[in-house]
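Following: one structure in C-alpha coordinates, then a few remarks.
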There are 2 protein chains.
Amino acid sequence: MSDDPDPGLPSVAPAAWLIRKLKSTAQISARDCADIENLSFTVRTFGGRTSIVHEGDVPKQCCLVMDGWAYRCRSLANGQRQIFAFYVPGDIPDIESLHLHVMDQGLVAIAQTTVAFVAHSDMRALIERNTSLAMALWRDTLIDATRCRERVISLGRRQAVGRMAHLFCEMYIRLRTVGVADDFRYVLPLTQAELADALGLSSVHANRSLQELRKLGFVTLHRRELIIHDWDGLETVAEFDPAYLHIV
Amino acid sequence: MSDDPDPGLPSVAPAAWLIRKLKSTAQISARDCADIENLSFTVRTFGGRTSIVHEGDVPKQCCLVMDGWAYRCRSLANGQRQIFAFYVPGDIPDIESLHLHVMDQGLVAIAQTTVAFVAHSDMRALIERNTSLAMALWRDTLIDATRCRERVISLGRRQAVGRMAHLFCEMYIRLRTVGVADDFRYVLPLTQAELADALGLSSVHANRSLQELRKLGFVTLHRRELIIHDWDGLETVAEFDPAYLHIV
DNA sequence: CGAGGTTTTGACTCCACTCAATAGACGTGG
DNA sequence: CCACGTCTATTGAGTGGAGTCAAAACCTCG
(Lines give C-alpha, C1' and ligand atoms only; values in the text may rest on other atoms or scores of the structure.)
Protein backbone atom coordinates (compact mmCIF):
# COMPACT_ATOMS: atom_id res chain seq x y z
CA MET A 1 0.00 0.00 0.00
CA SER A 2 2.66 2.53 0.89
CA ASP A 3 6.23 3.26 -0.10
CA ASP A 4 9.30 5.06 1.14
CA PRO A 5 8.98 8.26 3.16
CA ASP A 6 9.55 11.58 1.43
CA PRO A 7 13.09 11.94 0.09
CA GLY A 8 13.73 15.53 -0.95
CA LEU A 9 10.59 17.59 -0.29
CA PRO A 10 9.16 19.33 -3.32
CA SER A 11 9.67 23.03 -3.47
CA VAL A 12 6.07 23.94 -2.69
CA ALA A 13 4.60 23.07 0.71
CA PRO A 14 1.29 21.16 0.99
CA ALA A 15 -0.63 24.18 2.23
CA ALA A 16 0.58 26.26 -0.67
CA TRP A 17 -0.75 23.71 -3.16
CA LEU A 18 -4.16 23.72 -1.60
CA ILE A 19 -4.27 27.50 -1.39
CA ARG A 20 -3.24 27.83 -5.02
CA LYS A 21 -5.91 25.39 -6.07
CA LEU A 22 -8.70 26.97 -4.05
CA LYS A 23 -7.76 30.43 -5.24
CA SER A 24 -8.21 29.28 -8.81
CA THR A 25 -11.88 28.48 -8.26
CA ALA A 26 -13.04 30.64 -5.33
CA GLN A 27 -12.36 33.74 -3.27
CA ILE A 28 -10.05 32.89 -0.39
CA SER A 29 -9.40 35.31 2.45
CA ALA A 30 -6.13 35.85 4.28
CA ARG A 31 -7.67 34.19 7.30
CA ASP A 32 -8.55 31.13 5.19
CA CYS A 33 -4.97 30.90 4.01
CA ALA A 34 -3.64 31.18 7.53
CA ASP A 35 -5.99 28.44 8.68
CA ILE A 36 -4.83 26.16 5.91
CA GLU A 37 -1.22 26.86 6.72
CA ASN A 38 -1.83 25.87 10.32
CA LEU A 39 -3.00 22.41 9.34
CA SER A 40 -0.53 19.67 10.04
CA PHE A 41 0.34 17.51 7.04
CA THR A 42 2.09 14.20 6.76
CA VAL A 43 3.88 13.93 3.46
CA ARG A 44 4.42 10.60 1.78
CA THR A 45 5.53 9.44 -1.65
CA PHE A 46 3.96 6.49 -3.40
CA GLY A 47 5.57 4.49 -6.16
CA GLY A 48 3.92 3.88 -9.50
CA ARG A 49 0.59 2.04 -9.53
CA THR A 50 0.34 1.65 -5.78
CA SER A 51 -2.90 2.03 -3.92
CA ILE A 52 -3.30 5.07 -1.67
CA VAL A 53 -6.75 4.11 -0.41
CA HIS A 54 -8.43 0.78 -1.06
CA GLU A 55 -12.02 0.18 -2.03
CA GLY A 56 -13.85 -0.58 1.22
CA ASP A 57 -11.42 1.31 3.46
CA VAL A 58 -12.74 3.61 6.18
CA PRO A 59 -10.09 6.31 6.11
CA LYS A 60 -9.31 8.58 9.05
CA GLN A 61 -7.52 11.14 6.94
CA CYS A 62 -7.77 12.69 3.54
CA CYS A 63 -4.99 13.36 1.12
CA LEU A 64 -3.79 16.27 -0.92
CA VAL A 65 -1.88 15.56 -4.12
CA MET A 66 1.40 17.49 -4.29
CA ASP A 67 3.26 15.88 -7.11
CA GLY A 68 2.27 13.38 -9.77
CA TRP A 69 -1.21 12.13 -10.51
CA ALA A 70 -3.72 9.85 -8.81
CA TYR A 71 -6.93 8.28 -10.01
CA ARG A 72 -10.04 6.75 -8.56
CA CYS A 73 -11.28 3.56 -10.04
CA ARG A 74 -13.41 0.54 -9.55
CA SER A 75 -13.15 -2.97 -10.94
CA LEU A 76 -16.09 -4.96 -12.19
CA ALA A 77 -16.83 -8.64 -11.86
CA ASN A 78 -15.65 -9.48 -15.38
CA GLY A 79 -12.26 -7.91 -14.75
CA GLN A 80 -12.96 -4.65 -16.51
CA ARG A 81 -12.02 -1.42 -14.82
CA GLN A 82 -13.41 2.07 -14.92
CA ILE A 83 -11.35 5.09 -13.97
CA PHE A 84 -13.65 7.87 -12.76
CA ALA A 85 -11.33 10.81 -12.47
CA PHE A 86 -7.75 11.95 -12.37
CA TYR A 87 -6.33 14.12 -9.62
CA VAL A 88 -3.37 16.42 -9.92
CA PRO A 89 -1.42 18.71 -7.57
CA GLY A 90 -3.71 20.78 -5.36
CA ASP A 91 -6.59 18.29 -5.53
CA ILE A 92 -8.01 16.45 -2.55
CA PRO A 93 -9.35 13.30 -4.20
CA ASP A 94 -10.95 11.78 -1.14
CA ILE A 95 -12.31 14.79 0.70
CA GLU A 96 -15.71 13.16 0.48
CA SER A 97 -14.49 10.58 2.99
CA LEU A 98 -15.14 13.28 5.58
CA HIS A 99 -18.84 12.71 5.00
CA LEU A 100 -19.15 9.29 3.38
CA HIS A 101 -17.30 6.94 5.58
CA VAL A 102 -16.67 3.85 3.51
CA MET A 103 -14.80 4.36 0.25
CA ASP A 104 -16.78 2.86 -2.60
CA GLN A 105 -13.76 3.01 -4.87
CA GLY A 106 -10.02 2.91 -4.70
CA LEU A 107 -7.49 5.70 -5.04
CA VAL A 108 -4.33 4.80 -6.93
CA ALA A 109 -1.07 6.66 -7.45
CA ILE A 110 0.21 6.85 -11.02
CA ALA A 111 3.98 6.80 -11.38
CA GLN A 112 5.83 8.50 -8.52
CA THR A 113 3.27 10.53 -6.59
CA THR A 114 3.67 12.63 -3.46
CA VAL A 115 0.66 13.29 -1.27
CA ALA A 116 0.11 15.05 2.04
CA PHE A 117 -2.29 13.55 4.55
CA VAL A 118 -4.50 15.58 6.88
CA ALA A 119 -6.38 13.95 9.72
CA HIS A 120 -10.17 14.01 9.41
CA SER A 121 -10.37 15.38 12.94
CA ASP A 122 -8.21 18.38 12.01
CA MET A 123 -10.19 18.95 8.88
CA ARG A 124 -13.50 18.78 10.72
CA ALA A 125 -12.30 21.19 13.38
CA LEU A 126 -11.22 23.55 10.64
CA ILE A 127 -14.47 23.58 8.72
CA GLU A 128 -16.50 24.02 11.88
CA ARG A 129 -14.44 27.01 12.87
CA ASN A 130 -14.15 28.57 9.45
CA THR A 131 -17.41 28.53 7.52
CA SER A 132 -16.11 30.35 4.48
CA LEU A 133 -13.41 27.76 4.03
CA ALA A 134 -15.96 25.01 4.43
CA MET A 135 -17.95 26.63 1.65
CA ALA A 136 -14.88 26.78 -0.58
CA LEU A 137 -14.23 23.09 -0.02
CA TRP A 138 -17.86 22.25 -0.64
CA ARG A 139 -17.66 24.26 -3.84
CA ASP A 140 -14.61 22.28 -4.81
CA THR A 141 -16.46 18.99 -4.42
CA LEU A 142 -19.26 20.40 -6.57
CA ILE A 143 -16.77 21.20 -9.31
CA ASP A 144 -15.49 17.65 -9.05
CA ALA A 145 -19.07 16.60 -9.70
CA THR A 146 -19.36 18.82 -12.77
CA ARG A 147 -16.26 17.15 -14.15
CA CYS A 148 -17.92 13.82 -13.51
CA ARG A 149 -20.96 14.94 -15.47
CA GLU A 150 -18.74 16.04 -18.31
CA ARG A 151 -17.35 12.54 -18.28
CA VAL A 152 -20.89 11.21 -18.53
CA ILE A 153 -21.43 13.27 -21.67
CA SER A 154 -18.21 11.99 -23.11
CA LEU A 155 -19.02 8.36 -22.48
CA GLY A 156 -22.64 8.71 -23.48
CA ARG A 157 -22.51 10.89 -26.53
CA ARG A 158 -19.01 11.35 -27.90
CA GLN A 159 -17.08 8.83 -29.87
CA ALA A 160 -13.63 7.62 -29.09
CA VAL A 161 -11.55 10.36 -30.70
CA GLY A 162 -13.68 13.10 -29.18
CA ARG A 163 -13.49 11.52 -25.75
CA MET A 164 -9.74 11.38 -25.85
CA ALA A 165 -9.44 14.92 -27.15
CA HIS A 166 -11.72 16.10 -24.38
CA LEU A 167 -9.63 14.49 -21.70
CA PHE A 168 -6.45 16.01 -23.16
CA CYS A 169 -8.05 19.47 -23.13
CA GLU A 170 -9.37 19.19 -19.61
CA MET A 171 -6.10 18.01 -18.16
CA TYR A 172 -4.16 20.75 -19.87
CA ILE A 173 -6.39 23.47 -18.46
CA ARG A 174 -6.35 21.97 -14.99
CA LEU A 175 -2.59 21.48 -14.93
CA ARG A 176 -1.92 24.93 -16.26
CA THR A 177 -4.20 26.43 -13.64
CA VAL A 178 -2.05 25.09 -10.83
CA GLY A 179 1.16 25.90 -12.67
CA VAL A 180 2.22 22.39 -13.64
CA ALA A 181 1.79 22.77 -17.39
CA ASP A 182 2.42 25.47 -19.88
CA ASP A 183 3.12 26.02 -23.53
CA PHE A 184 0.60 23.37 -24.62
CA ARG A 185 2.53 20.46 -23.24
CA TYR A 186 2.45 18.38 -20.11
CA VAL A 187 3.48 15.10 -18.59
CA LEU A 188 0.75 12.53 -19.14
CA PRO A 189 1.85 9.64 -16.95
CA LEU A 190 -0.75 7.17 -18.25
CA THR A 191 -0.39 3.98 -20.21
CA GLN A 192 -2.77 3.51 -23.10
CA ALA A 193 -4.55 0.84 -21.09
CA GLU A 194 -5.25 3.38 -18.35
CA LEU A 195 -6.38 5.89 -20.90
CA ALA A 196 -8.75 3.24 -22.20
CA ASP A 197 -10.11 2.51 -18.72
CA ALA A 198 -10.85 6.19 -18.23
CA LEU A 199 -12.50 6.63 -21.61
CA GLY A 200 -14.55 3.46 -21.61
CA LEU A 201 -12.61 1.93 -24.50
CA SER A 202 -10.54 -1.15 -25.14
CA SER A 203 -6.83 -0.48 -25.11
CA VAL A 204 -6.60 -1.39 -28.78
CA HIS A 205 -9.16 1.19 -29.67
CA ALA A 206 -7.54 3.76 -27.41
CA ASN A 207 -4.37 3.21 -29.37
CA ARG A 208 -6.15 3.71 -32.66
CA SER A 209 -7.89 6.85 -31.47
CA LEU A 210 -4.61 8.27 -30.32
CA GLN A 211 -3.11 7.55 -33.71
CA GLU A 212 -6.04 9.35 -35.27
CA LEU A 213 -5.30 12.44 -33.18
CA ARG A 214 -1.68 12.22 -34.22
CA LYS A 215 -2.56 11.82 -37.86
CA LEU A 216 -4.78 14.90 -37.63
CA GLY A 217 -1.72 16.72 -36.38
CA PHE A 218 -3.38 17.73 -33.12
CA VAL A 219 -1.08 16.07 -30.60
CA THR A 220 2.00 13.98 -30.14
CA LEU A 221 2.52 11.72 -27.17
CA HIS A 222 5.98 10.35 -26.69
CA ARG A 223 7.73 9.11 -23.59
CA ARG A 224 4.87 10.29 -21.40
CA GLU A 225 4.93 13.82 -22.72
CA LEU A 226 1.85 15.14 -24.46
CA ILE A 227 2.33 18.05 -26.83
CA ILE A 228 -0.70 19.83 -28.22
CA HIS A 229 0.12 21.17 -31.66
CA ASP A 230 -3.31 22.43 -32.57
CA TRP A 231 -5.37 23.50 -29.58
CA ASP A 232 -8.25 24.81 -31.67
CA GLY A 233 -8.48 21.59 -33.61
CA LEU A 234 -8.41 19.53 -30.44
CA GLU A 235 -11.03 21.72 -28.81
CA THR A 236 -13.24 21.37 -31.85
CA VAL A 237 -13.23 17.59 -32.12
CA ALA A 238 -13.73 17.45 -28.35
CA GLU A 239 -16.50 20.06 -28.31
CA PHE A 240 -14.59 21.32 -25.30
CA ASP A 241 -15.88 24.31 -23.35
CA PRO A 242 -13.91 24.97 -20.17
CA ALA A 243 -16.84 26.66 -18.41
CA TYR A 244 -17.63 23.50 -16.45
CA LEU A 245 -14.29 23.70 -14.69
CA HIS A 246 -15.48 26.91 -13.02
CA ILE A 247 -12.06 28.47 -12.99
CA VAL A 248 -12.33 32.11 -12.02
CA MET B 1 -40.74 28.05 -18.66
CA SER B 2 -43.41 27.91 -15.97
CA ASP B 3 -46.94 26.69 -15.69
CA ASP B 4 -50.01 27.17 -13.59
CA PRO B 5 -49.75 27.80 -9.83
CA ASP B 6 -50.33 24.90 -7.47
CA PRO B 7 -53.88 23.56 -7.63
CA GLY B 8 -54.55 21.20 -4.76
CA LEU B 9 -51.45 21.02 -2.55
CA PRO B 10 -50.01 17.54 -2.14
CA SER B 11 -50.53 15.95 1.22
CA VAL B 12 -46.92 16.29 2.36
CA ALA B 13 -45.44 19.77 2.89
CA PRO B 14 -42.15 20.76 1.24
CA ALA B 15 -40.21 20.74 4.50
CA ALA B 16 -41.42 17.25 5.27
CA TRP B 17 -40.09 15.94 1.96
CA LEU B 18 -36.68 17.38 2.59
CA ILE B 19 -36.57 16.09 6.14
CA ARG B 20 -37.61 12.64 5.04
CA LYS B 21 -34.94 12.63 2.38
CA LEU B 22 -32.13 13.86 4.62
CA LYS B 23 -33.09 11.41 7.33
CA SER B 24 -32.63 8.59 4.88
CA THR B 25 -28.96 9.40 4.37
CA ALA B 26 -27.80 11.25 7.50
CA GLN B 27 -28.50 11.93 11.16
CA ILE B 28 -30.79 14.92 11.51
CA SER B 29 -31.46 16.58 14.86
CA ALA B 30 -34.73 18.07 16.06
CA ARG B 31 -33.20 21.50 15.68
CA ASP B 32 -32.31 20.77 12.06
CA CYS B 33 -35.89 19.75 11.38
CA ALA B 34 -37.21 22.89 13.02
CA ASP B 35 -34.86 25.02 10.95
CA ILE B 36 -36.03 23.34 7.76
CA GLU B 37 -39.64 23.83 8.72
CA ASN B 38 -39.01 27.54 9.21
CA LEU B 39 -37.86 27.97 5.62
CA SER B 40 -40.35 29.68 3.38
CA PHE B 41 -41.19 27.77 0.24
CA THR B 42 -42.95 28.79 -2.94
CA VAL B 43 -44.72 25.84 -4.46
CA ARG B 44 -45.28 25.59 -8.19
CA THR B 45 -46.37 22.90 -10.59
CA PHE B 46 -44.79 22.42 -14.00
CA GLY B 47 -46.39 20.67 -16.92
CA GLY B 48 -44.76 17.83 -18.80
CA ARG B 49 -41.42 18.54 -20.48
CA THR B 50 -41.17 22.14 -19.37
CA SER B 51 -37.93 23.70 -18.31
CA ILE B 52 -37.54 24.57 -14.63
CA VAL B 53 -34.08 26.11 -15.01
CA HIS B 54 -32.38 26.84 -18.32
CA GLU B 55 -28.79 26.19 -19.24
CA GLY B 56 -26.98 29.47 -18.68
CA ASP B 57 -29.40 30.79 -16.06
CA VAL B 58 -28.09 32.39 -12.88
CA PRO B 59 -30.74 31.28 -10.42
CA LYS B 60 -31.53 33.09 -7.18
CA GLN B 61 -33.33 30.15 -5.67
CA CYS B 62 -33.07 26.42 -5.56
CA CYS B 63 -35.85 23.92 -5.88
CA LEU B 64 -37.06 20.90 -4.01
CA VAL B 65 -38.96 18.24 -5.91
CA MET B 66 -42.24 17.32 -4.21
CA ASP B 67 -44.10 15.35 -6.79
CA GLY B 68 -43.11 13.87 -10.13
CA TRP B 69 -39.61 13.69 -11.58
CA ALA B 70 -37.13 16.14 -13.00
CA TYR B 71 -33.91 15.64 -14.91
CA ARG B 72 -30.79 17.60 -15.74
CA CYS B 73 -29.54 17.48 -19.25
CA ARG B 74 -27.42 19.12 -21.84
CA SER B 75 -27.67 19.23 -25.61
CA LEU B 76 -24.73 18.86 -27.93
CA ALA B 77 -23.99 20.62 -31.17
CA ASN B 78 -25.14 17.70 -33.32
CA GLY B 79 -28.55 17.68 -31.66
CA GLN B 80 -27.84 14.78 -29.36
CA ARG B 81 -28.79 15.06 -25.72
CA GLN B 82 -27.41 13.59 -22.54
CA ILE B 83 -29.47 13.28 -19.39
CA PHE B 84 -27.18 13.29 -16.36
CA ALA B 85 -29.49 12.41 -13.55
CA PHE B 86 -33.09 12.07 -12.46
CA TYR B 87 -34.51 13.75 -9.39
CA VAL B 88 -37.47 12.56 -7.39
CA PRO B 89 -39.41 13.83 -4.37
CA GLY B 90 -37.14 15.05 -1.59
CA ASP B 91 -34.25 15.87 -3.95
CA ILE B 92 -32.82 19.34 -4.47
CA PRO B 93 -31.49 19.03 -8.03
CA ASP B 94 -29.88 22.46 -8.22
CA ILE B 95 -28.53 22.98 -4.74
CA GLU B 96 -25.13 23.42 -6.31
CA SER B 97 -26.34 26.74 -7.71
CA LEU B 98 -25.70 28.07 -4.20
CA HIS B 99 -22.00 27.75 -4.95
CA LEU B 100 -21.69 27.60 -8.75
CA HIS B 101 -23.55 30.56 -10.05
CA VAL B 102 -24.17 29.86 -13.70
CA MET B 103 -26.03 26.64 -14.51
CA ASP B 104 -24.04 24.59 -16.98
CA GLN B 105 -27.05 22.44 -17.74
CA GLY B 106 -30.80 22.65 -17.76
CA LEU B 107 -33.34 21.24 -15.36
CA VAL B 108 -36.50 19.85 -16.92
CA ALA B 109 -39.76 18.63 -15.41
CA ILE B 110 -41.05 15.29 -16.65
CA ALA B 111 -44.81 14.98 -16.82
CA GLN B 112 -46.65 16.93 -14.15
CA THR B 113 -44.10 17.92 -11.52
CA THR B 114 -44.50 19.97 -8.36
CA VAL B 115 -41.50 21.74 -6.90
CA ALA B 116 -40.95 24.09 -3.97
CA PHE B 117 -38.55 27.00 -4.38
CA VAL B 118 -36.35 28.37 -1.61
CA ALA B 119 -34.47 31.63 -1.99
CA HIS B 120 -30.69 31.32 -2.05
CA SER B 121 -30.48 34.03 0.58
CA ASP B 122 -32.64 32.01 2.98
CA MET B 123 -30.65 28.89 2.28
CA ARG B 124 -27.36 30.67 2.86
CA ALA B 125 -28.55 32.17 6.10
CA LEU B 126 -29.64 28.73 7.20
CA ILE B 127 -26.38 26.95 6.48
CA GLU B 128 -24.36 29.67 8.12
CA ARG B 129 -26.43 29.44 11.25
CA ASN B 130 -26.70 25.68 11.36
CA THR B 131 -23.45 23.91 10.58
CA SER B 132 -24.75 20.41 11.09
CA LEU B 133 -27.45 20.99 8.51
CA ALA B 134 -24.88 22.44 6.15
CA MET B 135 -22.90 19.24 6.54
CA ALA B 136 -25.97 17.12 5.82
CA LEU B 137 -26.63 19.07 2.64
CA TRP B 138 -22.99 18.82 1.62
CA ARG B 139 -23.19 15.11 2.22
CA ASP B 140 -26.24 14.98 0.03
CA THR B 141 -24.38 16.62 -2.85
CA LEU B 142 -21.59 14.09 -2.40
CA ILE B 143 -24.07 11.26 -2.73
CA ASP B 144 -25.35 12.88 -5.89
CA ALA B 145 -21.77 12.70 -7.11
CA THR B 146 -21.47 9.00 -6.29
CA ARG B 147 -24.58 8.39 -8.35
CA CYS B 148 -22.92 10.28 -11.17
CA ARG B 149 -19.88 8.04 -10.89
CA GLU B 150 -22.07 4.99 -11.01
CA ARG B 151 -23.48 6.39 -14.21
CA VAL B 152 -19.94 6.69 -15.53
CA ILE B 153 -19.38 3.00 -14.86
CA SER B 154 -22.61 2.16 -16.61
CA LEU B 155 -21.80 4.16 -19.71
CA GLY B 156 -18.18 3.12 -19.78
CA ARG B 157 -18.31 -0.54 -18.97
CA ARG B 158 -21.81 -1.99 -19.08
CA GLN B 159 -23.70 -2.80 -22.18
CA ALA B 160 -27.16 -1.60 -23.00
CA VAL B 161 -29.23 -4.18 -21.11
CA GLY B 162 -27.11 -3.83 -17.99
CA ARG B 163 -27.31 -0.07 -18.07
CA MET B 164 -31.05 -0.12 -18.25
CA ALA B 165 -31.36 -2.71 -15.51
CA HIS B 166 -29.08 -0.62 -13.33
CA LEU B 167 -31.19 2.47 -13.76
CA PHE B 168 -34.36 0.54 -12.95
CA CYS B 169 -32.76 -0.80 -9.76
CA GLU B 170 -31.45 2.56 -8.62
CA MET B 171 -34.71 4.36 -9.15
CA TYR B 172 -36.67 1.71 -7.30
CA ILE B 173 -34.45 1.95 -4.24
CA ARG B 174 -34.49 5.73 -4.25
CA LEU B 175 -38.24 5.98 -4.70
CA ARG B 176 -38.91 3.39 -2.04
CA THR B 177 -36.65 5.22 0.38
CA VAL B 178 -38.80 8.33 0.23
CA GLY B 179 -42.01 6.32 0.26
CA VAL B 180 -43.06 6.79 -3.36
CA ALA B 181 -42.60 3.20 -4.48
CA ASP B 182 -43.25 -0.16 -2.98
CA ASP B 183 -43.95 -3.75 -3.89
CA PHE B 184 -41.43 -3.71 -6.76
CA ARG B 185 -43.35 -1.30 -8.89
CA TYR B 186 -43.27 2.40 -9.59
CA VAL B 187 -44.31 5.08 -12.01
CA LEU B 188 -41.56 5.59 -14.58
CA PRO B 189 -42.67 8.74 -16.39
CA LEU B 190 -40.07 8.49 -19.17
CA THR B 191 -40.42 7.95 -22.86
CA GLN B 192 -38.01 5.47 -24.42
CA ALA B 193 -36.25 8.39 -26.10
CA GLU B 194 -35.55 9.92 -22.68
CA LEU B 195 -34.42 6.58 -21.37
CA ALA B 196 -32.04 6.42 -24.32
CA ASP B 197 -30.69 9.91 -23.62
CA ALA B 198 -29.97 8.93 -20.05
CA LEU B 199 -28.31 5.65 -20.96
CA GLY B 200 -26.24 6.89 -23.87
CA LEU B 201 -28.16 4.81 -26.42
CA SER B 202 -30.24 5.44 -29.50
CA SER B 203 -33.94 5.19 -28.90
CA VAL B 204 -34.16 2.19 -31.17
CA HIS B 205 -31.58 0.34 -29.14
CA ALA B 206 -33.22 1.42 -25.89
CA ASN B 207 -36.39 -0.16 -27.17
CA ARG B 208 -34.61 -3.39 -28.00
CA SER B 209 -32.88 -3.53 -24.66
CA LEU B 210 -36.17 -3.04 -22.89
CA GLN B 211 -37.65 -5.86 -24.90
CA GLU B 212 -34.73 -8.00 -23.84
CA LEU B 213 -35.48 -7.29 -20.17
CA ARG B 214 -39.10 -8.16 -20.81
CA LYS B 215 -38.21 -11.35 -22.60
CA LEU B 216 -36.01 -12.34 -19.67
CA GLY B 217 -39.06 -11.91 -17.49
CA PHE B 218 -37.40 -9.31 -15.28
CA VAL B 219 -39.72 -6.36 -15.82
CA THR B 220 -42.81 -5.11 -17.56
CA LEU B 221 -43.31 -1.49 -18.47
CA HIS B 222 -46.77 -0.53 -19.55
CA ARG B 223 -48.54 2.81 -19.46
CA ARG B 224 -45.66 4.37 -17.53
CA GLU B 225 -45.73 1.78 -14.80
CA LEU B 226 -42.65 -0.33 -14.27
CA ILE B 227 -43.13 -3.65 -12.53
CA ILE B 228 -40.10 -5.62 -11.44
CA HIS B 229 -40.93 -9.32 -11.55
CA ASP B 230 -37.48 -10.64 -10.74
CA TRP B 231 -35.45 -8.30 -8.58
CA ASP B 232 -32.57 -10.72 -8.19
CA GLY B 233 -32.31 -11.25 -11.91
CA LEU B 234 -32.40 -7.55 -12.56
CA GLU B 235 -29.79 -6.89 -9.90
CA THR B 236 -27.56 -9.55 -11.40
CA VAL B 237 -27.56 -8.32 -14.99
CA ALA B 238 -27.08 -4.79 -13.65
CA GLU B 239 -24.31 -5.78 -11.23
CA PHE B 240 -26.22 -3.51 -8.88
CA ASP B 241 -24.95 -2.88 -5.37
CA PRO B 242 -26.92 -0.20 -3.52
CA ALA B 243 -24.00 0.75 -1.26
CA TYR B 244 -23.21 3.77 -3.41
CA LEU B 245 -26.55 5.33 -2.54
CA HIS B 246 -25.36 5.61 1.07
CA ILE B 247 -28.78 5.04 2.50
CA VAL B 248 -28.52 4.52 6.24
C1' DC C 1 -62.19 9.94 -36.43
C1' DG C 2 -57.94 11.99 -37.23
C1' DA C 3 -53.48 13.99 -35.63
C1' DG C 4 -49.36 13.67 -33.29
C1' DG C 5 -46.55 11.44 -30.32
C1' DT C 6 -44.57 6.97 -28.98
C1' DT C 7 -43.27 2.22 -29.67
C1' DT C 8 -41.96 -1.48 -32.61
C1' DT C 9 -39.81 -3.80 -36.58
C1' DG C 10 -36.58 -4.54 -40.48
C1' DA C 11 -32.47 -3.84 -43.14
C1' DC C 12 -28.13 -2.17 -43.44
C1' DT C 13 -23.90 0.18 -41.70
C1' DC C 14 -20.16 1.21 -38.75
C1' DC C 15 -17.76 2.00 -34.52
C1' DA C 16 -15.53 -0.37 -31.29
C1' DC C 17 -14.35 -5.11 -29.30
C1' DT C 18 -11.77 -9.53 -29.23
C1' DC C 19 -8.11 -12.40 -30.19
C1' DA C 20 -3.62 -12.85 -31.55
C1' DA C 21 0.75 -11.82 -33.10
C1' DT C 22 4.59 -8.53 -33.61
C1' DA C 23 7.46 -4.73 -32.45
C1' DG C 24 9.42 -1.62 -29.36
C1' DA C 25 10.96 0.21 -24.63
C1' DC C 26 13.00 -0.52 -20.39
C1' DG C 27 15.34 -2.48 -16.57
C1' DT C 28 18.22 -6.09 -14.65
C1' DG C 29 21.83 -8.92 -14.19
C1' DG C 30 25.41 -11.74 -15.96
C1' DC D 1 27.51 -4.38 -23.28
C1' DC D 2 24.50 -7.60 -24.60
C1' DA D 3 20.86 -11.15 -23.41
C1' DC D 4 16.65 -11.62 -21.42
C1' DG D 5 12.11 -10.92 -19.44
C1' DT D 6 8.48 -7.83 -18.87
C1' DC D 7 5.71 -4.13 -19.87
C1' DT D 8 3.75 -1.26 -23.41
C1' DA D 9 2.51 0.01 -28.05
C1' DT D 10 1.16 -1.30 -32.63
C1' DT D 11 -1.02 -3.97 -36.40
C1' DG D 12 -4.24 -7.22 -38.63
C1' DA D 13 -8.34 -9.92 -39.16
C1' DG D 14 -12.72 -11.08 -37.96
C1' DT D 15 -16.93 -10.21 -34.98
C1' DG D 16 -20.61 -7.98 -32.72
C1' DG D 17 -23.04 -4.37 -30.35
C1' DA D 18 -25.22 -0.34 -31.22
C1' DG D 19 -26.39 3.35 -34.67
C1' DT D 20 -29.15 5.11 -38.71
C1' DC D 21 -32.91 5.39 -41.67
C1' DA D 22 -37.42 4.50 -42.63
C1' DA D 23 -41.78 2.54 -42.36
C1' DA D 24 -45.52 0.55 -39.80
C1' DA D 25 -48.28 -0.19 -35.69
C1' DC D 26 -50.09 1.62 -31.63
C1' DC D 27 -51.80 4.89 -28.26
C1' DT D 28 -54.16 8.81 -26.57
C1' DC D 29 -56.82 12.54 -26.62
C1' DG D 30 -59.24 16.35 -28.46
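The figures here come from the full heavy-atom set of this structure, side chains too, leaving out hydrogens, waters and symmetry mates. Sequence lines set the chain letters: A, B, ... in the order given, protein chains first and strands last, and positions in each chain run from 1.
Each of Arg223(A) and Ser209(A) has a nearest nucleotide on DNA chain C; the 5'-most of these lies closest to Ser209(A). Comparing Arg49(A) and Val204(A) against DNA chain D, the residue whose closest nucleotide sits nearer the 5' end is Arg49(A).
Nucleotide dC17(C) holds its C1' atom 14 Å from the CG atom of Asp197(A), rounded to whole Å. Remark: P of dG17(D) and CD of Gln159(B) are 6 Å apart, rounded to the nearest angstrom. When the P atom of dT9(C) is taken as reference, atom CD of Glu212(B) falls 13 Å away, rounded to whole Å. One can place CG of Leu221(A) at 11 Å from C1' of dA9(D), the figure rounded to the nearest angstrom. Going from atom CG of Asn207(A) over to atom P of dT18(C) covers 15 Å, rounded to whole Å. The CD atom of Gln192(B) sits 12 Å away from the C1' atom of dT9(C) (whole-angstrom rounding). Between the P atom of dC7(D) and the CG atom of Leu190(A) lies a distance of 19 Å, rounded to the nearest Å. Rounded to whole Å, atom C1' of dG17(D) lies 6 Å from atom NE2 of His205(B).
When the side-chain nitrogen and oxygen atoms of Arg224(A) are compared with OP1 and OP2 of dT8(D), none of them lie within a distance under 4.0 Å. Between dT7(C) and Gln211(B), no contact under 4.0 Å exists linking OP1 or OP2 to a side-chain N or O. Checking the phosphate oxygens (OP1, OP2) of dG17(D), no side-chain nitrogen or oxygen of Arg158(B) falls inside 4.0 Å.
The residue Arg157(A) sits apart from the nucleic acid: no heavy atom pair falls under 4.0 Å. Ser202(A) comes within 4.0 angstrom of a base, heavy atoms only. Among the protein residues, Arg163(B) comes within range of no part of the nucleic acid, since none of its heavy atoms lies under 4.0 Å from any strand. Residue Leu210(A) is out of contact with every strand shown, counting any heavy-atom pair closer than 4.0 Å.
Residue pairs that meet the side chain to side chain donor-acceptor pair (under 3.5 Å) test with at least one member in residues 232-242 of chain B, sequence neighbours left out, are Trp231(B)-Glu235(B).
Under the 6.0 Å cut-off for aromatic ring centres, His166(A) and Tyr172(A) do not qualify, their centroids lying 6.0 Å or more apart.
The side chain of Ala160(A) approaches dA16(C) more closely than any other nucleotide in the set dA9(D), dA16(C), dT7(C). For Leu201(A), taking side-chain heavy atoms from C-beta onward, the closest of the listed nucleotides dA18(D), dA16(C), dT8(D) is dA16(C).
Scanning atom types as modelled, one donor and one acceptor separated by under 3.5 angstrom connect the side chain of Arg208(A) and the base of dG12(D).
Side chains of Arg72(B) and Gln105(B): a donor on one and an acceptor on the other come within 3.5 Å.
Here Lys21(A) pairs with Asp91(A) in a salt bridge; the nearest charged N to carboxylate O distance falls below 4.0 Å.
Looking at every heavy atom in both residues, Leu155(A) comes nearest to Ala198(A) through CD2-O, 4.3 Å.
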